[in-house]
Every structure is written in structure tokens, then in C-alpha cells.
> 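Below: one structure in C-alpha cells.
Only heavy atoms go into these numbers, but all of them, side chains included; no hydrogens, no water, no symmetry mates.
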Amino acid sequence: QVQLVESGGGLVQAGGSLRLSCTASGSIFSINVMAWYRQAPGKQRELVAAITRGGSANYADSVKGRFGISRNSAKNTVSLQMNSLKPEDTAVYYCKADILDSQRLVRGDYWGQGTQVTVSS
């Protein structure tokens with residue numbers, strides 16, 4: 001069984017910073033893309049940033065220059081450094097990973113439970 005657990009959310013003032021972390025555990029053979037998504041109230045879930053196993057990253061236009069995604073493949077972790085936060089960044093942030101399960105030998109997308117980020121003006 002594969003599990004993703006996020007941490008690091010919270011309340012911050014506009015202009016502040018937060019760092020989110022996500023750790024994948026369980027029957028993992030390999031992880032391809034790891035990513036962060038977010039969902040604000042009344043809106044659809046959207047991609048924030050993604051990073052490949054090789055380290056190539058891409059970002060939503062709304063966060064370019066402010067957020068940075070990184071991963072530690074040896075520890076199965078992905079992090080999101082969020083700087084210059086704005087009230088419109090307020091959302092529940094979810095970690096997602098494309099994982100090959102070592103027991104079932106099936107690849108699939110796994111999601112974390114989400115962590116709340118609230119940016120006050």
C-alpha cells in the first residue's frame with residue numbers, strides 16, 4: 001500500500017513564506033513525476049508545480065518566480081517553497097505522485113490528504 005503525507009501548511013501574512021513537504025511511503029518501486037496541486041473554495045483543483053525524476057520542473061504561470069519545487073528521490077519526498085505569498089494563494093494544497101507499486105506492479109497516481117494554506121491580507 002502506498003501513502004502520501006503532506007505537512008507544512010498554515011496561516012501566513014501576505015508577502016510571507018511557507019514550505020510544504022510530502023513524503024511517499026509503502027510499496028514503492030519507483031516514482032516518476034511528483035507534483036503539487038491546489039484547490040480553492042468553489043474552484044477546480046489546479047496544477048501548481050511538477051518535477052520529473054530527472055529534476056525538470058514546470059510551474060503554473062500564477063506562481064512562477066515565487067514558488068520553487070524540489071525533490072529528494074532517495075527519500076521519496078517533494079517540497080514546495082512558497083515565497084511572496086498572496087491572498088489568492090489560499091487553498092488546500094495536495095501532493096500527487098506517479099508511482100509504480102512494487103507489490104501489484106501497477107503504476108498509478110496517488111494523492112495526499114491535503115494541507116491548508118491561508119494567506120491573510
> Does the Lys NZ or Arg CZ of Arg45 fall within the cation-pi geometry relative to Tyr94 - under 6.0 Å from the ring centre and within 45° of the axis?
yes

> Using side-chain contact (heavy atoms from CB on, under 4.5 Å), reason through Glu88 and Thr90 one step at a time and then give a plain yes or no.
CA-CA 5 Å; Glu88 51 263 43; Thr90 295; over 6 Å; no

> What distance separates Cys22 SG from Glu6 CD, expressed to the nearest 0.5 Å?
5.0 Å

> Output yes when Asp89 and Lys86 qualify as a salt bridge under the 4.0 Å nitrogen-oxygen rule, no when they do not.
no

> Are side-chain heavy atoms of Arg66 and Ser17 found at a separation under 4.5 Å?
no

> Considering only Ile, Leu, Val, Met, Phe, Trp and Tyr, and joining two whenever side-chain heavy atoms are under 4.5 Å apart, list the other residues clustered with Phe29.
Leu100

> For residues Gln116 and Thr118, is any side-chain donor paired with an opposing acceptor at under 3.5 Å?
yes

> If we ignore hydrogens and angles and just use 3.5 Å, is the side chain of Gln81 paired with the main-chain N or O of Gly68 as donor and acceptor?
no

> Please report the shortest heavy-atom distance between Ala40 and Ala91, naming the atom on each side.
N-CB, 3.8 Å

> Are side-chain heavy atoms of Ser79 and Arg71 found at a separation under 4.5 Å?
no

> Under the salt bridge (charged side-chain N to carboxylate O under 4.0 Å, His left out) criterion, do Asp101 and Arg104 qualify, and how do the steps go?
CA-CA 6 Å; Asp101 187 312; Arg104 300 183 297 138; 3.5 Å; yes

> In Å and rounded to the nearest 0.5 Å, what is the CD to SG distance from Gln113 to Cys95?
9.0 Å

> Tell me, with the steps shown, if Glu46 and Gln39 meet side-chain contact (heavy atoms from CB on, under 4.5 Å).
CA-CA 6 Å; Glu46 63 174 356; Gln39 187 166 20; over 6 Å; no

> Remaining members of Leu20's ILVMFWY cluster at a side-chain heavy-atom cut-off under 4.5 Å?
Val2, Leu4, Val12, Leu18, Ile28, Ile31, Met34, Trp36, Val48, Ile51, Tyr59, Val63, Phe67, Ile69, Val78, Leu80, Met82, Leu85, Tyr93, Ile99, Tyr110, Val117, Val119

> Side-chain contact test, heavy atoms from C-beta onward, threshold under 4.5 Å: evaluate it for Asn32 versus Arg107 and give yes or no.
yes

> Go through the side-chain N and O atoms of Thr77 and Asn72 and say whether any donor and acceptor fall under 3.5 Å apart.
no

